[in-house]
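Reading through the structure tokens given below for one structure.
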Amino acid sequence: MPELPEVETTLRGIIPHMLHKKIKCFIIRNPNLRWPIPSEINLNMSNQIISSITRRGKYLLFETRNGYMILHLGMSGRLHIVPTATPPKPHDHVDIILSNDLCCRYYDPRRFGCMLWTDSDPLQHKLLKKLGPEPLTEEFNTVYIYQASRERKVGIKQFIMNSQIVVGVGNIYANEALFFAGIHPSRQAGRISYQRYEKLVAAIKQVLTLAIADGGTTLRDFFTIDGQPGYFKQSLAVYGRAEEPCVKCKRKLIQKNINQRTTVFCSQCQR
DNA sequence: ATGCGGACCTGTTAGC
DNA sequence: TGCTAACAGGTCCGCA
């Protein structure tokens, strides 16, 4: 499942096929995603041109004259562009049929994703309204996160994975960024100095930028829009490397479940 | 307001 | 080899 780089890679992959194209209709084989897919999507977006496709955090926003579809890939969601006649496979829950004989096919075995409809500004939608800044903008900077972290007792890993603080930092890249910043994942967010947040902000931006450039991480089942795997996995320093030597100090990396998420770190390099 | 744990699902992998 | 349990990239929600 996609973290921000995978969602960004998906966005870039679908734009050439979908932007300014007309939607014929939706074929919904299974509406039971995280929330039921509302019938308004089909009613309002069929026969409409997609006038923009953008990303906010891990949400993809499809604009038509009548309103917006809000799409989240959850843990296991993927979009593929295929010829309309392609027979669906299991877990191919939705087809967005385009007028160019292609369709955008939504596949999601775990069905943690969602597909929603709004007729007004999607950024004001309940799910998007409280999102923090985009990590790759100037808005996400040391002053901001340092101030936001004061008095906060949660561990830093949970803190940077909180989308109200900053969007797009999922489990893999949280592990990676903390390693490069030399910060222990359990350290209380409110007890980290400004100087160390400088390093962390730079690490988050760098890790995400490199991952996007490499087309996202391939773990079990992420593929880019054309079915090609991403190439970032080979660059991971800690995630998936438990018991292997730290790339800096050669000590064995430690894996621990923190806040119900797999956490890998170096007890020597991260304090 | 903050923090925590449970919930939503199925496929893959690890362990016996 | 086969069965079962643990685990997986997310994040919302209700409760303390």
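Given the structure is predicted, the values throughout are model-derived calculations rather than measurements. By convention in this document, chain letters (A, B, ...) are assigned in the order of the sequence lines, proteins followed by strands, and residues within each chain are numbered from 1.
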Quick check for you: among [options], whose closest atom lies nearest to any side-chain atom of [X]?
{"X": "Arg111(A)", "options": "dT10(B), dG9(C), dC4(B)", "result": "dT10(B)"}
{"X": "Gln260(A)", "options": "dG10(C), dG11(B), dG5(B)", "result": "dG5(B)"}
{"X": "His72(A)", "options": "dG9(C), dT10(B), dT11(C)", "result": "dT11(C)"}
{"X": "Asn171(A)", "options": "dC12(C), dG3(B), dG10(C)", "result": "dG10(C)"}
{"X": "Pro109(A)", "options": "dG11(B), dG3(B), dG10(C)", "result": "dG11(B)"}
{"X": "Trp35(A)", "options": "dC4(B), dC12(C), dT11(C)", "result": "dC12(C)"}

Taking [atom1] from [X] and [atom2] from [N], how many angstroms apart are they, rounded to a whole number?
{"X": "Lys157(A)", "N": "dG3(B)", "atom1": "NZ", "atom2": "P", "answer": "16 Å"}
{"X": "Ile160(A)", "N": "dG3(B)", "atom1": "CD1", "atom2": "P", "answer": "15 Å"}
{"X": "Ile258(A)", "N": "dG5(B)", "atom1": "CD1", "atom2": "P", "answer": "13 Å"}
{"X": "Leu33(A)", "N": "dC9(B)", "atom1": "CG", "atom2": "P", "answer": "10 Å"}
{"X": "Met161(A)", "N": "dT2(B)", "atom1": "CE", "atom2": "C1'", "answer": "18 Å"}
{"X": "Phe159(A)", "N": "dG3(B)", "atom1": "CZ", "atom2": "P", "answer": "9 Å"}
{"X": "Asn257(A)", "N": "dC4(B)", "atom1": "CG", "atom2": "C1'", "answer": "14 Å"}
{"X": "Asp108(A)", "N": "dT10(B)", "atom1": "CG", "atom2": "P", "answer": "11 Å"}

Counting just side-chain N and O atoms, does [X] come under 4.0 Å of either OP1 or OP2 of [N]?
{"X": "Tyr239(A)", "N": "dG9(C)", "answer": "yes"}
{"X": "Lys153(A)", "N": "dG3(B)", "answer": "no"}
{"X": "His91(A)", "N": "dG11(B)", "answer": "yes"}
{"X": "Arg261(A)", "N": "dT11(C)", "answer": "no"}

P gap between dT11(C) and dA1(B), integer Å: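 After rounding to an integer number of Å, I get 22 Å for this pair.
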Closest non-hydrogen atom pair, Ser149(A) against Tyr197(A):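 Heavy atoms only, the tightest pair is CB-OH, 3.2 Å.
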Write down the atom of Met115(A), the atom of Pro38(A), and the distance for their closest heavy-atom approach.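 Residues Met115(A) and Pro38(A), closest heavy atoms: O-CD, 3.3 Å.
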Look through every strand shown and name the nucleotide pairing with dG9(C) as Watson-Crick or G-U wobble, where both distances are under 3.5 Å.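 WC or wobble partner does not exist here.
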With both distances under 3.5 Å as the test, what is the Watson-Crick or G-U wobble partner of dC9(B)?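 Per the H-bond distance test, none.
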Classify Tyr59(A) by what it touches in the nucleic acid, base, sugar-phosphate, or nothing, heavy-atom distance under 4.0 Å.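 If one applies the 4.0 Å heavy-atom cut-off, Tyr59(A) turns out to touch the sugar-phosphate alone, with no base involved.
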Is Lys126(A) touching bases, backbone alone, or none of the nucleic acid, heavy atoms closer than 4.0 Å?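 Counting heavy atoms under 4.0 Å across all strands, the contact made by Lys126(A) is with sugar-phosphate only.
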Any donor-acceptor N/O pair, Arg29(A) side chain to Pro88(A) backbone, under 3.5 Å: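 Checked: no pair found.
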5'-most by nearest nucleotide on DNA chain C - Ser163(A) or Arg110(A):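 So the residue in question is Arg110(A).
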Under 5.5 Å and under 30°: Phe112(A) stacked on dC9(B):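 Taking the rule of under 5.5 Å and under 30°, the ring of Phe112(A) does not stack on dC9(B).
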Could you check Leu116(A), Leu61(A), Leu79(A) and say which one makes a side-chain contact (heavy atoms from CB on, under 4.5 Å) with Leu71(A)?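 So the option named by the test is Leu79(A).
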side-chain contact (heavy atoms from CB on, under 4.5 Å) with Ser235(A): which of Leu210(A), Asp214(A), Val207(A)?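 Result: among Leu210(A), Asp214(A), Val207(A), Asp214(A) is the only option passing the side-chain contact (heavy atoms from CB on, under 4.5 Å) with Ser235(A).
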dT11(C) base to Arg34(A) side chain: any donor-acceptor pair below 3.5 Å?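 Such a pair exists between side chain and base.
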Hey, what's the ring geometry for Tyr106(A) with His93(A), parallel, tilted or perpendicular (30° and 60° as the breaks)?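 Plane angle between 30° and 60°, so tilted.
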